[in-house]
Structure formats: C-alpha cells, structure tokens
Amino acid sequence: MFKNEEMEINLGPQHPSTHGVLRVKLRLDGETITHCRPMIGYLHRGVEKICENQSFFQGQVWTDRMDYCSAVANNLGWAEANEKLLGITVPRRAQYIRTLLNEFNRLASHLIWLATHALDIGAMTVFLYAFREREDILDINEAFCGSRLTTTAFRIGGLREDLPPGFEKLVRKFLAKFPTCLEEYENLLTENRIWKKRTIGVAKLGAEDAIAMGVTGPVLRAAGVPYDIRKAFPYAAYGEMDFEIPTRTEADTYARYLVRMAEMRQSARIIQQCIDGLPEGPVMAKLPKILRSEVNEVYHATESPKGEIGYYLVGEKGSLNPYRFHVRAPGFINLQSLPKMAEGGLIADIVAAIGTLDIVLGEIDR
Amino acid sequence: MSEPNVPQTPEVPEAPAGPYVYDYAAAPNRQIVMPKTVPLPSYRTYLAEQKAAAEADEAKWQKSLADYETAKAKAEAEGKDAPKPPVRPVPRKDDNDMKAPVPQEATDADLLKLQALLGDKVEEIFEQAGELVCQVKKEAILEALTLCRDEAALKYEMLADQSGTHYPAAKDFAYSVVYHLTSICRRKRLRLRILVPEGFAPESACAVYPGANWMEREIYDMLGICFLNHPDMTRILCPEDWEGYPLRKDYPTVGWGQRDISFREDRSGMLERIALQKAGQLGLNLKQPKAD
C-alpha cells in the first residue's frame, strides 16, 4: 500500500513561516529532506537600478524599504558609504546619536526576530511580549524622526536635527525597564523543554562552512567566530564604546537564540554609554549645497542586526547620482546556507532553520 | 460639440510590436541617457590627469605673462600708463568638511605581496579612501582568489561581496567585476577587480569561495555576464523568461511592459466631477437628460 517514493513539495511563497515571499522547493523521503532549493525574486523591485538614477540623497528612502525591520541600520550603512565616497567628516555628536539609534534598532529587530521565530516554533506568548517592548522603541524612533517603521533617520554628513527635548528621559525610562523584560522572555524560553527539543542540534552550520558561504551576523557568531564589524572595523562611535561580542560554539538554533539574547544586553549597554557620554556640538557637517562626486569606488560594510550589510558605490566625476549602487544584503548571502542546514533534517525543522536566519525578503530581493 | 457629462472613451494606443520596441519620444521617462565617461578609479590615470592639468595651468600662466609683456611694451610706446601685472590665481580654499579621496600609491604590505606573487598578472594596485584595490588580468582571477585565500601572509577567508558594473563608454572592455574579500583573523579588506569585455566568460569563484554561487547568479541575471564552471548558472531575481539585463546602462529605469501613467489624465472622473460642481455654482444644469 505504501510506496517508497520521493515527494517534491513547495514550502511557500505563502507559508507564514517564510517571512514574506520565500519559496523553498523540497524533495522529501518520508519526513527527511533530501534536497532543498530556496527560490527568491518574488519581491524584486530593482532598488539598485532606481538608486542609480536618483541623487545621493534620494537613495536613503529606498534603503529604508529594503529591510523594514532594521531601517535605521540600513540608513547608517548607506550614509556612511556616501560619506566615504564623498570624503565627508561627520561631527562627533552626530556619531553618538547614530550609534544610539542604531542600537535601538538592533533591539527592535532582534525583538521582532524573537517574536516571529518563537511563533514559528509554536510559542505565542513571547510574540505578544516582544511586540510590547518593540512598541516602546518605535515610540523613541517616532520622537526622534517622526516615523516608526521607515525612519529615514540620517542625512549625508550627520543628522537632520538634534535630539528633541525629553528624549533622554524616554531612553532612560526604557533602559530601566528593559532588563526585566529580557528576563521575562528567557524565563519563558531558555529552559523550556519544548523550545530546547525544537532548537538544540537543529539546523547546524559549522564555522568553516559559514565562513566559506560568507554567512555573517549572529549565525556566524553562534558557530564560535567572534566576527563583529563593530569591533573589527569600527564605524560611527563604536570605537569609543565598551562592549563584548557574545559567541557560542554549538552552531545550532539554540546557540543563535542565546547569542541574540546576549547581544540585546550588550546593545542596552551601548545605549547607556551613548546617553551618558553624549558630547556637545553640531550634528551636521559643513557641506556645499550640492554634493558632487569624484571618480571613486567604495565598499562600506556595517553590522546590521542580520549580519554584514555592505554598500558598493561607484562615483562619477561631477555627478549628482551614484554611477553604480549595489547592496550586499546579509539575508541574501545567509539564505544561501539554507540547503546546508536543512538537507538531511526533518521537514518540521526547516521552519526553525528559516526562522533562525532572520530573513526579510524585502532585503533579499531588493 | 461633445457632451460634457458623457464619459469619453480614451484613445488606447496600440500595443507595441515586440517587447523591445518602444516609442521613447512618446514616453519621456523611458528615455535612456547613456553615460559618456568611464568612472573607473586608477592611480595611473589620476597621475596623468594631474600632470595634464598642471601643464595646462602653467601654459595659461606663461601666456598671460607674455600678454602682459606685449601690453606693457605697447603702452610704453604710446606713452600711456603701464598695465597691471598679472597675478597667479591661488586655488580657493574650501572651508567645508568635504574632501574627496584620491587614488594613492600602494604602500600596504598585502598589495605589495600580491604584486610580488602574481607578477605581470597584476594590472594595477593602488589605495583609495583607505581601501586596497588590486586589478588583475581577467584570465588570472581564479589564481588570484586562491592565492588570497591560501597564502599564509594574506589569509582572506571570506568573500564578502561580488558585483559588477557596466561601462558602455569604455573602448576595450564593457564590464568590471569586483570581489570584496575579508580577512577575519587579520581584520583587513581587499578588493580584487577584473575588466571583462562583452561576451567573455570569467572563471567562477565558486570553487574557491562557495558563497559566490548566488552572487554570480545575480551578476548573470542583472548584467548578463556568464561564469565558467559555475554549478548552476540560472536567473535568480528575475523570472526565467525575462528579456534583457536590468542593470545594464541601456536598460530603461521604467521597465519594459510597464504602463505609462499620466497623472493629468482623468483617472477617477475627478475632472468631470469638478466641472459639474463649477457648473452647479454658476446655476447651469449640465446633467439635463437628452430629449428623445
């Protein structure tokens, strides 16, 4: 009655655990995955082409819309790449405020990852709790730049405006509350028997494979490689901050969860340092009215919550727009390792594997 | 005279014959402005340009000096006052925080090591904006990548990014492909660059860095550069049957197959409604039914 046949199925692009429009072609032998092929491109909008035909300034709103969960981090990378291309020095106060907002963004992004990843695996309460704290962070975003999700927070050369009155109070209130919230999540998950059974030993990716595939971010750090661009190639005000790079050696889904939780503690630490040591001064560099580029070619990488986000820009002499604009999206490169993680595992575990990569399809497809 | 309250059916233009045939004059936002320059940074070109600019400046100064001498002699002969001597213009000092980085001579140990190991396969090495750039011959890219990964003094373990650029104004090449390497243990970055003519298939980097797989597929999809010995050379972002390569400079920003939207056309009957409202204010009834 039962035939021993391989079956081919599609996971997505409409499955809720595919975080957008990822389609994964799977070949199954019973419950075991024998072949896995991620297929992307359902959300491709041609961001690179559009940005090449717009001025340096206008590119910023497109970087917001690539990875809408970490818009500030994308803005930071874009602004710094442009500053490197044009040779702009940014004032120190602006650097501190950028660092502060970027770390808040890391918290927001990790919270949304925790919420949806836990929901994928079946934990509903964490989803509601994490969104509660994320709201506070979005309120802080709103106080600074007026918008919550697509922030357009920075400008080339600094910031549009200084911090609003009462901002510091808002940040300190959040910092006082946040450690107890983190404990709440950890109480729900870290020693939870179901959570451990669904995550320990699942979707393993060792350090050698991860480096060969170009995987970065928490996935690489959970494999024991302490590579964080904030430390390795310091940008913004990270050179002056005191923080640690959390790593684990297990290289599985549980280790990535622990790394991200530890990273959130470090982010809170950086925010505390930024708000305590905020220097006085201007927040915008003195610039000519029209920014014109020289012949130059830059690649600037920053640490977004998902990994290394790099902007490759080519400048033409006297031009108002980049000749070439390319984004090295962390999700795009990280997703390549999905077959390595999923093949040989069970079909129920591919949901955990997709969740643990923390992908946003808007960024992968661009 | 047409009835104002009867919606006119707009004239639908005929569909174009093929997917590539478009009346660009009718759709100005589809017009392509092809680049005229090749913004490819190079220390040698930069030096030559600087030298040419300095020579032109000097020639101009000598000419103004000679003009002054003749004017002076002429004024003396006519018994007039001598003209003002020329003043050499001092370059204006910019007091802003912007200073464009220029290419500089390679002094970094990694670049010199690569030069020593690869010999005449290196076309150019220089530094710009704190970044190391090494341009190698297009046939030697796989060798250069292997060397960068395996050589004990280099040890670039990770291929961070790979992308290409289209230069239609260049004469002896059409594209550049750049490889951004990262050394995690030595905290260094290096850019390898090759120049590729139309139709040339460079060697795939997948054998050295497996992560290049999707990046090369993206370059193939967006620019149309095929890679030799790539395990899976298929489109990745566009559908399989997509025509054209979107990141080439001759591909329009508003893509083929998209509708031209004129925001002046009456899309929701708004203009008609405004006309009726205005007529009502004037006491006219445009909505009177026709007497059959």
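Below, each value reflects all heavy atoms present in this structure, side chains not excepted, and no hydrogens, waters or symmetry copies. Because the structure is a prediction, the values reported are computed rather than measured. Labels below follow one simple rule: chain letters A, B, ... track the order of the sequence lines, proteins then strands, and each chain is numbered from 1.
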Quick one: do A:Arg366 and B:Glu218 satisfy side-chain contact (heavy atoms from CB on, under 4.5 Å)? Show the steps, please. CA-CA 12 Å; A:Arg366 280 158 283 145; B:Glu218 193 194 324; 3.1 Å; yes

Checking side-chain contact (heavy atoms from CB on, under 4.5 Å) for the pair B:Arg189/A:His300: CA distance, chi angles, key distance, verdict? CA-CA 10 Å; B:Arg189 288 188 193 285; A:His300 187 73; over 6 Å; no

Given side-chain contact (heavy atoms from CB on, under 4.5 Å), test B:Asp161 with A:Tyr311 step by step and report yes or no. CA-CA 9 Å; B:Asp161 189 23; A:Tyr311 289 91; over 6 Å; no

Between B:Leu247 and A:Glu52, is the side-chain contact (heavy atoms from CB on, under 4.5 Å) condition met? List the steps. CA-CA 9 Å; B:Leu247 278 179; A:Glu52 278 170 25; 3.9 Å; yes

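The contact between B:Arg248 and chain A is made entirely by backbone atoms, counting heavy-atom distances below 4.5 Å. Using a 4.5 Å cut-off between heavy atoms, B:Asp221 makes no contact with chain A at all. Only the backbone of B:Gln162 has a heavy atom closer than 4.5 Å to any heavy atom of chain A. Heavy atoms closer than 4.5 Å to chain A are found in the side chain of B:Met222, but not in its backbone. With a threshold of 4.5 angstrom between heavy atoms, B:Tyr167 approaches chain A through its backbone and through its side chain. For B:Pro210, the parts lying under 4.5 angstrom from a heavy atom of chain A are both the backbone and the side chain. For chain A, no part of B:Thr45 is nearby; none of its heavy atoms comes within less than 4.5 Å. Residue B:Val178 touches chain A through its side chain alone, counting heavy-atom pairs closer than 4.5 Å. For chain A, no part of B:Arg149 is nearby; none of its heavy atoms comes within less than 4.5 Å. For chain A, the nearby part of B:Arg191 is the side chain; its heavy atoms alone come within less than 4.5 Å.
Atom CG in A:Leu313 sits 10.5 Å away from atom OG1 in B:Thr165 (nearest 0.5 Å). The distance from the CD atom of B:Glu131 to the NZ atom of A:Lys84 is 3.5 Å, given to the nearest 0.5 Å. Atom OG1 of A:Thr216 is separated from atom CE of B:Met158 by 6.0 Å, given to the nearest 0.5 angstrom. Separating the CD1 atom in B:Ile184 from the CD1 atom in A:Ile229 is a distance of 9.5 Å, to the nearest 0.5 Å. Rounding to the nearest 0.5 Å gives a distance of 8.5 Å between CD1 of A:Ile88 and CG of B:Asn96. Once rounded to the nearest 0.5 Å, the distance linking OH of A:Tyr227 with SG of B:Cys185 reads 11.5 Å.
With respect to chain A, the highest number of heavy-atom pairs below 4.5 Å among B:Pro39, B:Pro41, B:Ser163, B:Gly130 belongs to B:Pro39. Comparing A:Glu294, A:Glu83, A:Glu308, A:Lys317 by heavy-atom pairs within less than 4.5 Å of chain B, the highest count is held by A:Glu308.
Side chain of A:Glu297 to main chain of B:Gln128: no donor-acceptor pair is present (N/O by atom type, distance under 3.5 Å, no hydrogens or angles). No donor-acceptor pair under 3.5 Å is formed between the side chain of B:Lys99 and the backbone N or O of A:Thr89. Checking side-chain atoms of A:Gln336 against main-chain N and O of B:Gly211 turns up a donor-acceptor pair under 3.5 Å.
Both the sub-6.0 Å distance and the 45° axial angle are not jointly satisfied by B:Lys188 relative to the ring of A:Phe233.
For the pair B:Thr37/A:Tyr323, no side-chain contact is recorded, criterion being any heavy-atom separation below 4.5 Å from C-beta on. Annotation: side chain of A:Ile40 is in contact with side chain of B:Leu237 (closest heavy-atom distance under 4.5 Å). A:His326 is not listed as a side-chain neighbour of B:Ile219, based on a closest heavy-atom distance of 4.5 Å or more.
Between B:Trp214 and A:Phe332, the closest heavy-atom pair is CE3-O, 3.5 Å. Pairing each heavy atom of A:Arg328 with each of B:Ala160, the nearest pair is NE-O, 2.6 Å.
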